[in-house]
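Down below is the structure, laid out as structure tokens.
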Amino acid sequence: NGQQWLPLTLGERNYSRFPSSDFYSSLGLEDVLSVGDTSGAEEDTDSAILYGTLRGSVVGLRYYTGIVNNNEMVALQREPNNPYDKNAVKVNNVNGDQVGHIKKELAAALAGIMDNKLALIEGVVPYGAKNAFTMPVQMSFWGREENKEAVLDQLKKHGFKLAPPLKEWGFGSKWISGRAGPSYSAPVHAAVQLTTEQLKSEFDKLFEDLKEDDKSCEMEGAEALGTLLLPHQKQALAWMVSRENSNDLPPFWEERNDFYYNILTNFAEKQQPKNVLGGILADDMGLGKTLTTIALILTNFQDGKPLPVEKITSDKCYEDQFEQHIHQDFHVNIYVYYGSDRSKDPSVLSEQDIVLTTYNILATDYGVRGDSPLHKVKWLRIVLDEGHTIRNPNAQQTKAALNLEGHRRWILTGTPIQNSVKDLWALISFLKLKPFTDREWWQRTIQRPVTMGAPGGLGRLQSLIRSITLRRTKTSKVKGKPVLELPERKVLIQYVTLTEEERQIYQSVKKEGKAAISRFFSEGTVLAHYADVLGVLLRLRQLCCHPRLCINTSSSNNKTPEELRETLVNKMKLVLSSGSDEECAVCLESLTHPVITRCAHVFCKPCIFEVIRSEQPNAKCPLCRNELRVEQLVECPLEEEIDSNNGKKSDQEWISSSKINALMHALIELRRDNPTAKCLVVSQFTTFLSLIENPLKESGFAFTRLDGSMAQKKRVEAIQCFQSSQAGSPTVMLLSLKAGGVGLNLTAASRVFLMDPAWNPAAEDQCFDRCHRLGQKHNVVITKFIVKDSVEENMLKIQNKKRKLAAGAFATKKPSASEAKQTKINEIKALIDL
DNA sequence: ACCGCCGGGTGCC
DNA sequence: ACCGCCGGGTGCC
């Protein structure tokens, strides 16, 4: 359509390259040994205390353009390469413009403190407005308790001494102008920290009482949408459109006699700061965020006008909207970008109305070389679907998303705050909301005041969130009526008893595994052998499903390099093909380009390279502290190979298993009672799904299949086919647990058979929500098959513990390394009955 | 006077 | 900078 600007939509959705398992992440391994901290720069600022304050001077003002108001916050930045003084410390204003330097005698004292990260030094300029050559700066020193002495010593060596903390000091702007002058009278304990419970309940209030305010207007979607919106979706649309077209000031800015003031930092500028022409749509899963966003794109495409296209056929389908529409005949240009095509002229992307891609493609494309076509286009609109996945600011994905260019920026997420205020920063930063894009200002103006319980801290956070976020839960009401009225959902546990023969195999493998694991325990090397432990547990889980799933992996003694390599590749395949979302323990995101270490731990290639680079020459595995060498890393073979290796070994005669029998019994009974009822048969093991195909055929079930290895076209076909209500359409879908991402809509199903429990209960819940969501007409019954007296039963127990933990764990501090380790060890013990 | 004092030149790191 | 510091000019009362 010759549009110059385009929306870009990002999401995990159905493109996830690697089907996955939650091994490490679900066991919480990422918390162990402080992994994920490769940069070393991610100071744990939440536990910082205020050492004291010091008055100093900023000099050289006349050489720089940056200006500062009274009581304005400034940033201190080391400048080790300054040709005149290696101790130089720059002073920048909130905008990042240099204001001057710290006077050299003081800089000499600060340099060591800053370089060794002994303390965070924050400045406020009490009288900044009219200074021509120098200005005073009040500095606060923050750091961990154990560094306090070192900092005081270092200062003393240079003849400086900290004054006791001033009340309100750390939060900057509260400093009253007028000649109050610092009062040194009242040393303050770092303000009282809120308890977890307090913090949680305060956060919950964030989204409460969204009264009938501006967020309750409704707006019809453009005709091209071809689908009617529900009332709450019309509200969301109206809100989104008004945000995109608004000329309001961003939160915390005021206009004061021809200047725009930021009331948190006291920064002022002549030019009106840009508001975010976007925000966070944080509705609960299943309320139709994606549909609403499509409506936004079509209705408010550019310059407040709809996209000039012909009507889109309506099929009342709330999910996979983008994908489904791709295959329909209408005139929105949608392009699915699969990445890696560097030669591609960005103009190919520019010619589209909508480009769809995934975080992994975005990150890989961006990470390898800086010339991804995605980053050469100025986008009209950027939408991050499942936007909470960018919460780790160090991850490639986050950086790649942040650096996309485009003014209207949206985040769609059902869980805007997963753990703590910290999570929010990545989101806010993506939105490019001034001045929070810079971590320091977020930290000083929002995060610290909140976590330290400063008066007004939560209020700030609330007004920030409210001004950029719309959130409704499933129980929210629109005009007195619940937003969603979902049919009932029941979860049944169906215990399965193994046959004598199956039990024998199970017990022998268990005995062997248990012996190995207890040896690891007595040697204290459980974590070093983590891959082996997981291997044992995996084999047991597989044996609960079907004896044939259990591939024999010989134990690893005295191998040739070739054999070793093969073993590693097999292990990695094991991990990657076991059906869920493996995460990299460094970036805590989905694996971008998996490689396996000699010690059999799997990471993103760029992540582990960075670890090795930064820890040279003696890099250690973040998970087990074994030696790491680049040349020993083994890359993952392509996904196709994984699957073909895994799936088609069925020359052998087919045999059933207790679990398959139980499933078939239930399916046949269900068909007898209700021949048109549709169901999902879910497993983490795609090989298991393949084995189930056999009896389905024999018993005359029409079925379809969806797993992570399928090409995009085939997936869409499978979904459409299953969702169809035509006579003869499949009544069973074989589904791999994590196939498809949260957007997947399988509301045709009203029964779910979960063949094997997942480590992470959230993964199961997400899977259930694929049919128990908007559009579901029937009550949903979920059956979990659990083998009696097995690792599966133990997994259930751990799941329950995790559920309880998750319910009360909001905003808790990460457990310490040793606590996490202990939890993990206990879990392993519980799983294998030790 | 190898001082003090004066007043002009000058100025971040 | 209406400062401090530098270094040249200068020198009883």
Side-chain angles (χ1 to χ4, degrees), chain A residues 40-41 43 51-143 147 150-163 169-170 172-173 175 177-184 259 262 265-270 435 437-441 443-444:
Chain A
E43 39 344 273
Y51 298 156
T53 65
L54 183 64
R55 179 74 82 117
S57 28
V58 186
V59 296
L61 303 193
R62 62 165 157 152
Y63 300 97
Y64 307 99
T65 52
I67 52 159
V68 182
N69 285 302
N70 290 348
N71 299 318
E72 184 171 329
M73 294 182 171
V74 289
L76 273 58
Q77 186 191 9
R78 274 284 284 126
E79 193 185 18
N81 294 324
N82 186 302
Y84 302 95
D85 182 0
K86 61 179 168 41
N87 293 326
V89 176
K90 284 208 290 186
V91 178
N92 303 332
N93 69 11
V94 179
N95 217 21
D97 300 324
Q98 183 168 1
V99 174
H101 277 106
I102 292 293
K103 206 167 155 57
K104 60 177 181 295
E105 294 79 9
L106 180 56
L110 301 188
I113 296 172
M114 295 175 80
D115 292 343
N116 296 318
K117 299 195 160 45
L118 293 176
L120 215 64
I121 308 172
E122 298 179 347
V124 173
V125 172
Y127 311 107
K130 291 194 207 113
N131 304 293
F133 303 98
T134 67
M135 59 171 74
V137 59
Q138 190 75 23
M139 291 168 292
S140 318
F141 291 67
W142 297 84
N147 291 335
V151 170
L152 295 184
D153 277 0
Q154 167 80 2
L155 287 169
K156 197 173 177 182
K157 258 199 302 194
H158 290 83
F160 297 100
K161 188 165 175 277
L162 292 188
W169 187 244
S173 66
W175 223 45
S177 47
R179 306 244 48 165
S183 80
Y184 292 91
F259 272 89
N262 184 293
T265 60
N266 289 323
F267 177 76
E269 61 186 346
K270 193 89 185 166
T437 314
D438 188 334
R439 194 185 179 83
E440 176 170 354
W441 308 120
Q443 179 79 30
R444 289 176 65 172

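Chain A is the first sequence line, chain B the second, and so forth, proteins listed ahead of strands; every chain is numbered from 1.
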Margin query: Under the rule for side-chain contact (heavy atoms from CB on, under 4.5 Å), what residues qualify as partners of A/Lys130, not counting sequence neighbours?
Written below: none
Note to self: Please report the distance, rounded to the nearest Å, between OH in A/Tyr64 and C1' in B/dC13.
What the structure shows: 6 Å
Note to self: Could you tell me how far apart A/Leu106 (CG) and B/dC12 (P) are, to the nearest whole angstrom?
What the structure shows: 17 Å
Next item on the list: Applying side-chain contact (heavy atoms from CB on, under 4.5 Å), name anything that partners A/Leu152, two or more places apart in sequence or on another chain.
Entry: A/Lys148, A/Glu149, A/Leu162
Please write out the pairs of protein N or O atoms and N or O atoms of nucleotides 9-11 of chain B separated by less than 3.5 Å, giving the distance to one decimal.
none

Checklist line | Nearest-angstrom distance from the residue atom NZ of A/Lys130 to P of C/dC2 | finding: 18 Å
Next item on the list: Report the base-pairing partner of C/dC3 (Watson-Crick or G-U wobble, both distances below 3.5 angstrom), or none.
Entry: B/dG11
Notebook entry, point to check: When the distance from CG of A/Leu61 to C1' of B/dC13 is rounded to whole Å, what number comes out?
Noted result: 12 Å
Note to self: Whole angstroms only, please: what is the CD-P distance between A/Glu79 and B/dC12?
What the structure shows: 14 Å
Checklist line | Whole-Å gap separating P (B/dC13) and CZ (A/Phe133) | finding: 14 Å
Notebook entry, point to check: Who passes ring pair (Phe, Tyr, Trp, His ring centres under 6.0 Å) against A/Tyr64, sequence neighbours left out?
Noted result: A/His101
Next item on the list: Could you tell me the separation between the CG atom of A/Leu76 and the CD1 atom of A/Ile113, rounded to the nearest 0.5 Å?
Entry: 11.0 Å
Notebook entry, point to check: Base, sugar-phosphate, or nothing: which does A/Lys90 touch, judged by heavy atoms less than 4.0 Å apart?
Noted result: nothing
For residues 82-92 of chain A, which side-chain N or O atoms pair as donor and acceptor with protein atoms under 3.5 Å away, sequence neighbours left out?
{"residue": "A/Asn82", "atom": "OD1", "partner": "A/Tyr84", "partner atom": "N", "Å": "2.8"}
{"residue": "A/Asn82", "atom": "OD1", "partner": "A/Asp85", "partner atom": "N", "Å": "3.4"}
{"residue": "A/Asn82", "atom": "ND2", "partner": "A/Glu79", "partner atom": "OE1", "Å": "3.1"}
{"residue": "A/Asp85", "atom": "OD1", "partner": "A/Asn87", "partner atom": "N", "Å": "2.8"}
{"residue": "A/Asn92", "atom": "ND2", "partner": "A/Gln77", "partner atom": "OE1", "Å": "2.8"}

Checklist line | Quiz item: A/Asn82 side-chain donor-acceptor pair to B/dC13 base, under 3.5 Å | finding: yes
Margin query: With rounding to the closest Å, how many angstrom separate the P atoms on B/dC6 and B/dG11?
Written below: 25 Å
Next item on the list: Mind checking side-chain contact (heavy atoms from CB on, under 4.5 Å) for A/Asn147 and listing every partner two or more places apart, or none if nothing turns up?
Entry: A/Tyr51, A/Leu118, A/Arg144
Note to self: Distance check needed: C/dA1 P versus A/Met135 CE, whole Å only.
What the structure shows: 14 Å
Next item on the list: Whole angstrom is fine here: how far is it from NE2 in A/His101 over to P in B/dC12?
Entry: 11 Å
Next item on the list: Using modelled atom types only, decide if a donor and an acceptor are shared between the side chain of A/Asp97 and the backbone of A/Asn93 within a distance under 3.5 Å.
Entry: no
Margin query: Please report the distance separating the C1' of B/dA1 from the corresponding atom of B/dC5, rounded so that it comes out in whole Å.
Written below: 12 Å
